[in-house]
Amino acid sequence: METLEFRFNSKPAPRAADPALCGVVGSGNLEILVKPGMQPDACQLSIKTSARGFAETWQAVLGSFAASHAAGGTVIAINDMGATPAVVTLRLAQALAEYQGGAR
Amino acid sequence: MIASLASRHSWFEATARARLAGLLDPGSFSEILPPAESTPSPHLARLDLPGAFDDGVVVCHGQLEKRPIFAIAQEGQFMGGAVGEIHGAKIVGLLRRAVQEKAAAVLFLIDSGGVRLHEANAGLIAISEIMRAVLDARAAGVPVIALVGGSCGAFGGMGIVAKLCSAIIISEEGRLALSGPEVIETVAGVEEFDSKDRALVWRVTGGKHRYLMGDCAMLVEDDIAAFRSGATELLTGWTEPAPSVANLRASQQALEYRLADYAAYRDGLQVWAALGVAEPDTVPLLDRDSMVALKEGLPT
Amino acid sequence: MSLNDILDKLFPAGHAVAVANQVITGEATTAQGAVAVLGTTDAAAIDHAMALALSAYILDTIERHPGRPLVFLVDTSGQALSRSQELLCLNGSLAHLAQCVDLARRQGHASLSLVTANAVSGGFLSFGLMADRAYALADAQVRVMDLRAMARVTKIAHERLVELAAGSPIFAPGAESYVRMGAIEAIWPVPSASLLEEALAAAGQAAPASDQRQSCAVERGGRQLAEGIAKAVQNAARGA
Amino acid sequence: MNAPLHREWDSLRQSRSRRLERAASLGFGQEIPVDRVIDLLEAVIQPGDRVCLEGNNQKQADFLSESLADCSPERINHLSMVQSVLALPSHVDLFERGLANRLDFSFSGPQGARLAKLVQEQRIEIGAIHTYLELFGRYFLDLTPNVALIAAQAADAEGNLYLGPNTEDTPAIVEATAFKGGIVIAQVNERLDKLPRVDVPADWVDFTVKAPRPNYIEPLFTRDPAQITEVQVLMAMMAIKGIYAEYGVTRLNHGIGFDTAAIELLLPTYAADLGLKGKICTHWALNPHPTLIPAIESGFVESVHCFGSEVGMDAYISARSDVFFTGADGSMRSNRAFSQTAGLYACDMFIGSTLQMDLAGNSSTATLGRITGFGGAPNMGSDPHGRRHASPAWLKAGREAYGQNAIRGRKLVVQMVETFREHMAPVFVEELDAWKLQKSMGAELPPIMIYGDDVSHIVTEEGIANLLLCRTPEEREQAIRGVAGFTPVGMARDKAMVENLRDRGIVRRPEDLGIDPRLATRDLLAARSVKDLVRWSGGLYAPPSRFRNW
């Protein structure tokens, strides 16, 4: 297992009432928990992943997500069981949408 | 396309959270100890494995047709729904809470292979505590209804827990047993149980067989809405019987007769024939409604 | 140690116990009076017939001897592994047995179990762990699975499991782990009438027992989380 | 003028007569007792013969193969084997036991690793790895069999054969052998007084033997809808909207895989909602994929011609004779040679998956230590320059590739891949493993499945690259990098150039196609389980046990 931490600048997301959870920690899948954070223009991410040695790939995938979505003001925690970048990208979009669905 | 297929939301492939969302009245789901307030299993972390925030089980309050109830939903996709320390303690806590609050019912969405081997002792003891807690709830008059239809079925200790519940609602896809076919094959050989022969696995452990044998109260389609209406139907007018010698004597006798009659059989086909099913071969392909009609027409 | 040796040491005042199909049933005399003695021997793999023999004896005891304590002697290698057993819903018969033990408790029968040799998973769950209190003899094997098999299933190196087991009662096989985890009350160096009588007295006082295993586990440094989490769930305010 | 050549002009016929006489002298008639089949093989096969052993994706002449492997290498040796697939252990035993030493084939699948080892030990000489059509073609030119060992469903007393739904390669093999002085031996599952239909006339068949068990059949073309992922649903949506709809693809072939199964299962839902029923996917060269059932039942599909059958599909096919090719008896008739011809020449599109793709678009399923071959994909996945007849899809693709004044069209050859396979193995690579494999096996060519210059589109979860519109090798490379996601190849893209390609519609993202990836859920699949497929079929589809959970 490997633990990774990232912080990216991102356009502020509407602040939501409740945290949102998306996905399941199953083979080739991951769960993503989106919570409100303190810095409105930054997205903070922490990842625990079963696959070691993919820090650069995570950085690229998450950086691309933060650049293309308004994810500022969130703290995102991920538990990963070997999801491919395609799955990670899809889940991030779903998790953020669910989080924003609960926006006040 | 076929309308019934379009509107169906498979229980078998849904996540625990999706099952709850479809099972409970819309908007009534209220999670206790939600993911944002909990931490993954430290025991898995010590073994270098990522955990899940909810440790693979959702416990909640909610409503079923406006009836306030509690629900427990195991996530079969995380570690096979297996019971670890946190997972088990959440279930035990919820069952105790249901007693305190004299809940109308607990719906127990079982989807589990049993003990989580990575925390084996904690899992085994937790299952023992769940067994006691289920019986305490029932003794307090709170019905505990097991819903079995997930990809992991109800195996190992969770197979025992399922049979301790007030009643079991199962789908054809659901499986209910003690040892998994793979375990039996590994220990006793492929001739004893070919775990890759899926039709055989279902004839021995599957929902239709358990329903025909009377081990499950209700057979439903693999559809979240069907589980919802099944649970509603079952709970309407349900009175939880007080634990009594008379009831257990009756069960004892039924189990003894069954053992005497069927002990030599090794395939559901043989049992179904003995139960009076005219064409046992056709059972695996019958739809749910035909199965119910078949069961109701059997000699008692 | 043979079953008879164990019985003689536990019940010096006398016992009348039959063994059939690895199932023990009978009664014995103690300072607190007559007790029902039942269980399994020779590492029994529990099947339908065994479970139903035990449950029948429990129901008989409830009906004929109200309040008589139940002493379970546990020696089981787990559940019987066969297709015909599963075909008839073996988990159902084990659940029935567990329900009978539970009913006895509710009807005022104190119960305790003593692991005499082996206590493994399903067999242990169905009666040994259903008693008010469980004890184990010093050389008893209590476990879900041995570490080699666990290594195969979890795909974690055996050496790594051995290393971690040394410091963790969470999955290390052995009665000592179960003591720390709150499921076994104490380990007896030898079968002993005086230990049994103390245990019976304690069990009698505690009835009708609520399940205290989570809090014991915290006191003994076994499961640190279970009690807190169960309480948190019991007491948490409902979410939105 | 040269002097007339003095030679015998019927040596093949004479050789055939001698072989048949040897068999007759041992007391053999047309029907061979099962326990004497080795005696027969040793009587009619000679050292150095070219022997065709039938077997393909579905049926295998497994009993004859095992029997041949049990023959004495003293009597039978130096055989040159010609066969579509090397699939069974006994196929490789022939070489390990010294009966055969040369092989011309198409596909090796599960025996790929053993085959690679034999090649490295120089115990086998590989003539060439072919596509099916090439190999069939060579049966009629320079690789005509002396003896063909084939599999049939049933024989009658005269020796007429009924092939059942899995006709597959039999007609091509028998025709080449029987009409060039060869010997045809068939294993049959049963003997019948009256055959349902005659697929091979008795006078093309020399001997028949009832095998001790029915020939082996593998359900290779069944994909459980339960295993289709959301990412595959997303890619299927992109393919339907961005390629099928835009080109109006009506005649096509699908490679086997979960990606294409997802497309098949989106036809009655997503494609129907886009109003595409009757406009796409009407005519197919395809095995009877169970996942096509919902599209057939929804009225999308007019016709399907099959290479072979599929386990459990026979009753369904028989009941849908407007769609499938069936005999007067009602059972299916397949034919690999004709269906491959349809796939090569009569289809407007091939879409399939691969394990690796390089920056020129070359793709391969070969991996180190395994020689697997190609099967039929390269026939379907290539643009036939000889095609003459026009269709809207073919013309549109041609004009994109060659300009508005193009004098011919272009087949659509689509590769559909997730950028990473399982265990984070990147699909897009700088260099295919095929090149290393070429060196290790001393082959003249690297085992490339689909040539890059035949590929028209690449679909990944990141987008669609339209290679037809690329005008320079550099554009092509950046278009491929532009859909290669977070693989090292993808991350090394020239971002500005990829954005420029996007402006020109060469690279298209899901949002460019009006697709929201979050809506790509499994709920869009017309069937989400094998049981759903059974329901769609009205109970006619009978899936094999391993695909059931009931």
Side-chain angles (χ1 to χ4, degrees), chain B residues 30-34 43 46-47 59 61 85-86 89-90 92-94 96-97 100 115 117-122 124-125 127-129 131-132 135 139 157 159-160 163-164 177-179 183-184 187-188 192-193 204-205 210 213 215 243 245 248-249 251-252 255-256 258-259 262 265-266 268 271, chain C residues 48-49 52 55-56 59 62-63 79 81-84 86-96 98-100 102-103 106 121-122 125-126 129-130 143-145 150 153-154 156 164 168-171 177-178 181-183 211 213-214 223 225-227 229-234 236 238-240:
Chain B
S30 165
E31 185 165 5
I32 300 166
L33 228 60
H43 312 307
R46 285 191 67 197
L47 294 170
V59 295
H61 184 267
E85 180 175 3
I86 296 173
K90 286 172 73 176
V92 170
L94 188 94
R96 290 179 182 162
R97 180 171 183 155
Q100 279 169 12
V115 173
L117 289 176
H118 311 78
E119 349 185 341
N121 300 337
L124 186 73
I125 297 165
I127 287 179
S128 179
E129 287 163 344
M131 289 166 64
R132 297 264 301 259
L135 292 171
I160 301 178
K163 284 298 296 168
L164 290 175
L178 193 55
S179 303
V183 174
I184 296 176
V187 175
E192 178 60 32
F193 206 159
V204 172
T205 68
R210 295 301 185 220
M213 292 274 285
D215 287 303
V245 179
L248 287 180
R249 272 283 178 213
S251 309
Q252 175 83 27
L255 289 170
E256 283 174 3
R258 181 154 104 177
L259 185 61
Y262 307 142
Y265 295 153
R266 300 183 69 225
V271 181
Chain C
H48 286 280
L52 294 179
S55 58
L59 294 175
I62 296 173
E63 284 183 331
Q79 61 261 22
L81 293 170
S82 89
R83 204 208 300 174
S84 57
E86 294 298 344
L87 183 67
L88 300 188
C89 203
L90 184 54
N91 50 308
S93 286
L94 296 197
H96 173 70
Q99 254 181 303
C100 290
D102 186 75
L103 179 73
R106 291 181 202 284
S121 64
L125 278 176
S126 60
L129 282 173
M130 285 301 290
R143 60 164 189 266
V144 172
M145 194 181 253
M150 200 180 287
V153 179
T154 61
I156 296 169
L164 285 167
S168 169
I170 293 288
F171 68 91
S177 292
Y178 280 76
M181 298 289 288
D211 194 340
R213 288 175 285 187
Q214 287 175 346
R223 289 180 292 163
L225 304 167
E227 184 186 33
I229 288 184
K231 289 212 161 123
V233 171
Q234 267 179 277
R238 281 183 200 156

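Note that the coordinates shown come from a computational prediction; the quantities given were computed from them, not determined experimentally. Lettering follows sequence order; numbering is per chain, from 1.
Ranked by non-hydrogen atom pairs under 4.5 Å with chain C, the options B:Gln100, B:Arg46, B:Glu256 are led by B:Arg46. Counting heavy-atom pairs under 4.5 Å between each of C:Ala56, C:Ala98, C:Ala232 and chain B puts C:Ala56 at the top. No other option in B:Ala188, B:Gly268, B:Ala122 has as many heavy-atom pairs under 4.5 Å with chain C as B:Ala122. No other option in B:His118, B:Arg96, B:Lys90, B:Glu129 has as many heavy-atom pairs under 4.5 Å with chain C as B:Glu129. If you tally non-hydrogen atom pairs under 4.5 Å between each of C:Ile62, C:Leu90, C:Thr154 and chain B, the highest count goes to C:Thr154. Chain C forms the most heavy-atom pairs under 4.5 Å with one residue out of B:Val92, B:Val245, B:Val187, and that residue is B:Val245. The choice from C:Leu94, C:Ile170, C:Leu59, C:Leu81 that makes the most heavy-atom pairs within less than 4.5 Å of chain B is C:Ile170. Heavy-atom pairs under 4.5 Å with chain B were tallied for C:Met181, C:Met150, C:Gln214; the largest tally goes to C:Gln214.
Using a 4.5 Å cut-off between heavy atoms, C:Ile156 contacts chain B through its side chain alone, with no backbone atom that close. There is no contact between C:Glu227 and chain B, counting heavy-atom distances below 4.5 Å. Proximity to chain B (any heavy atom under 4.5 Å) is restricted, for C:Met145, to the side chain, taken from C-beta onward.
Atom OG of residue C:Ser121 and atom CG of residue B:Leu178 lie 7.5 Å apart, to the nearest 0.5 angstrom. Here the CG atom belonging to C:Leu103 is positioned 10.5 Å from the CZ atom belonging to B:Arg249, to the nearest 0.5 angstrom. Atoms NE2 and CD1, on C:His96 and B:Ile160 in that order, are 13.5 Å from each other to the nearest 0.5 Å.
The side-chain heavy atoms of B:His43 and C:Leu164, taken from C-beta on, include no pair separated by under 4.5 Å. When side chains are defined from C-beta on, B:Leu124 counts as touching C:Leu129, because their heavy atoms get closer than 4.5 Å. Between C:Phe171 and B:Leu117, the closest side-chain pair of non-hydrogen atoms is not below 4.5 Å.
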Next on the checklist: Let's go through C:Cys89 and B:Lys163 carefully: what are the C-alpha distance in whole Å and the side-chain angles of both, what is the deciding distance for side chain to side chain contact (heavy atoms under 4.5 Å, CB included) to 0.1 Å, and is it a yes or a no?
Outcome noted: CA-CA 9 Å; C:Cys89 203; B:Lys163 284 298 296 168; 4.3 Å; yes
Checklist entry - Under the side chain to side chain contact (heavy atoms under 4.5 Å, CB included) criterion, do B:Tyr262 and C:Leu87 qualify, and how do the steps go? => result CA-CA 9 Å; B:Tyr262 307 142; C:Leu87 183 67; over 6 Å; no
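Judged purely by atom type and a 3.5 angstrom limit, B:Gln252 uses its side chain to pair as donor or acceptor with the backbone of C:Leu52. Under the 3.5 Å distance criterion, the side-chain polar atoms of C:Gln99 are left unmatched by any main-chain donor or acceptor of B:Leu248. The backbone N or O of B:Glu192 lies less than 3.5 Å from a partner atom in the side chain of C:Arg83, making a donor-acceptor pair. With hydrogens and angles disregarded, a donor-acceptor distance shorter than 3.5 Å links the side chain of B:Glu85 to the backbone of C:Ala226. Under the 3.5 Å distance criterion, the side-chain polar atoms of B:Arg258 are matched with a main-chain donor or acceptor of C:Leu88. A side-chain donor-acceptor contact under 3.5 Å links B:Asn121 to the backbone of C:Pro169. In this structure a side-chain-to-backbone donor-acceptor pair under 3.5 Å is missing from C:Glu86 to B:Val204. A donor-acceptor contact shorter than 3.5 Å is absent between the side chain of B:Ser128 and the backbone of C:Leu125.
Side chains of C:Ser82 and B:Arg266: a donor-acceptor N/O pair is absent below 3.5 angstrom, by distance only. For the residue pair C:Gln79 and B:Ser179, a side-chain donor N or O sits within less than 3.5 Å of a side-chain acceptor on the partner.
Smallest separation of non-hydrogen atoms from B:Ala120 and C:Val144: O-CG2, 3.5 Å. Listed here is the closest heavy atom pair of C:Val233 and B:Gly93: CG1-C, 3.7 Å.
Under 4.0 Å is where a charged nitrogen must lie from a carboxylate oxygen, and between B:Glu119 and C:Arg223 no such pair does.
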